[in-house]
Amino acid sequence: LKWWADYRRWFIEHYDALKGDFLVSGSECTGGPLLRATPRPLPPRAPWKAEWGIIFDDGNYFRVKECFNALGPPNSGAGVREHFSFHYGKAHRNLGRDGYPVMRAADTPVADVRIDIDRNHDPHIHVNSTEHVPQRRVLGYSIQNADMFQFLEAVRDHRKTKEPLLKLLNITVIP
Amino acid sequence: MPIRIQETGSLPEIEQEISSLESEYSMTSQQFAERGSWDGTVAEFDAIEWNFLLMQKAAMERPDDCRPTRVFSAQCETVISSVDANDVRELIAA
C-alpha cells in the first residue's frame, strides 16, 4: 500500500541515482521516464504508473513499468501494485508508437530476463524463453515483492561485470 | 531527459488513448476485459497500459465523494453538541 507523493519521491530519488550509470552507454526511450497519476479528486492519486527504458549501444535494452491501482475508499488515494513488467534483453530494431522497441513482431527477440505480475497469471518470470516460470520454480527471489530499482541495479551490475543477471538477482530456477 | 510527471489529464484524453489501443489490437475494452488478453495476444506492456487506462477512466468517472463518513459525522455531532450557544452568539456578534 503506497501513496502517490511517497512513490513519486522514491522514483525520482532512485532515477537520479541510477541514470548516470545507464546514460553513459545508452539512450532513453522517448516513452519515458514517465510518472502519471490520476488527477481527480485532488490531490493526484491512484491509479498511477511509472515506466522507463534505455536502449544501449550494444543493442540490449531494459524497460520497466509498474501500475498501482486504487485501493480502499475512493478518497483515500492509496494504491497497491497490481501489474508490473521488468524486462532486459535484445531490443527489436524498430520502435513502436509508444517509443519503445516493438514487442509484437515475429522477429522480436525473447527477453534475457523478464519478471511479470499480471492480471490472469500467477507471478512468473521468463528466462530466454516465452515460457512462464511460476514462483514455485523460482528460488531465492520473491516475484510479488520485486523492486524496480533493485532489478535495474542488477542490470547495471550485469552490464559492468558480465555476471549472469539471474545470479545478481539471486534467482535460481528449478525444473 | 527529465522525468515527465503527469498529474493532470481529462477523461476525453484517456478515452482517446483507450481507443488507440482498441484500434491497434482490433479489440474492444469489453473483449480485453473478458479475455484477459494475457494469453499472448496483447504484449505485456500494452496489457499493463490498457488495464491502467481502464482503471484510470473508472476513477475519473467516479463522482467526487466529499460526504463525511459516519464516524466523522458522529465526531462532528459530538463537537457541535458541546458548543455553548452563548459562545456562538458572541462569535456571530463579533
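Order of the sequence lines sets the chain letters (A, B, ...), proteins ahead of strands, with each chain counted from 1.
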Distance check, rounded to the nearest 0.5 Å: [X] atom [atom1] versus [Y] atom [atom2]?
X	Y	atom1	atom2	result
Arg4(B)	Glu51(A)	CZ	CD	8.0 Å
Thr38(A)	Gln6(B)	OG1	CD	11.0 Å
Glu49(B)	Arg36(A)	CD	CZ	6.5 Å
Arg8(A)	Glu7(B)	CZ	CD	4.0 Å
Ile5(B)	Trp4(A)	CD1	CH2	6.5 Å
Met55(B)	Lys49(A)	CE	NZ	14.5 Å

Most chain B-contacting option - heavy-atom pairs closer than 4.5 Å, from [options]:
options	value
His87(A), Glu66(A), Arg114(A)	Arg114(A)
Arg63(A), Met103(A), Lys19(A)	Arg63(A)
Asn69(A), Leu35(A), Asp116(A)	Leu35(A)

Are [X] and [Y] joined in one hydrophobic group, where the rule is that I, L, V, M, F, W and Y side chains link up if heavy atoms are under 4.5 Å apart?
X	Y	result
Val127(A)	Val138(A)	yes
Phe62(A)	Phe45(B)	no
Leu34(A)	Leu18(A)	no
Phe149(A)	Phe56(A)	yes
Ile115(A)	Phe68(A)	yes

Stepwise side-chain contact (heavy atoms from CB on, under 4.5 Å) check, Ile12(A) with Ile3(B):
CA-CA 8 Å; Ile12(A) 292 171; Ile3(B) 300 173; 3.8 Å; yes
Looking only at heavy atoms, which of residues 23-32 of chain A get nearer than 4.5 Å to chain B?
Glu28(A), Cys29(A), Thr30(A), Gly31(A), Gly32(A)
So which bits of residues 164-175 of chain A come within less than 4.5 Å of chain B, counting non-hydrogen atoms only?
none
Segment of Leu53(B) engaging chain A (4.5 angstrom heavy-atom cut-off):
side chain
Taking only residues two or more places apart in sequence, or in another chain, which ones meet Pro109(A) in a side-chain contact (heavy atoms from CB on, under 4.5 Å)?
Lys90(A), His92(A)
Applying side-chain contact (heavy atoms from CB on, under 4.5 Å), can you list everything that pairs with Pro134(A), at least two apart in sequence or on another chain?
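With sequence neighbours excluded, Pro134(A) shows a side-chain contact (heavy atoms from CB on, under 4.5 Å) to Arg136(A), Arg137(A), given in chain and number order.
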Could you check Glu44(B) against Ser85(A) for side chain to side chain donor-acceptor pair (under 3.5 Å), going step by step and ending with a plain yes or no?
CA-CA 7 Å; Glu44(B) 198 81 44; Ser85(A) 192; 5.2 Å; no
Smallest separation among heavy atoms of Pro33(A) and Pro2(B), with atom names
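Residues Pro33(A) and Pro2(B), closest heavy atoms: CG-O, 4.1 Å.
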Taking the side chain from Glu82(A) and the backbone from Asn51(B), do they hold a donor-acceptor pair closer than 3.5 Å?
no
Can you say whether [X] sits under 4.5 Å from chain B via the side chain, the backbone, both, or neither, judging by heavy atoms?
X	answer
Trp52(A)	neither
Pro39(A)	both
Phe84(A)	backbone

Tell me whether Arg104(A) forms a cation-pi arrangement with Tyr25(B), defined as NZ or CZ under 6.0 Å from the six-membered ring centre and within 45 degrees of its axis.
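Yes - Arg104(A) lies over the ring of Tyr25(B), closer than 6.0 Å to its centre and within 45° of its axis.
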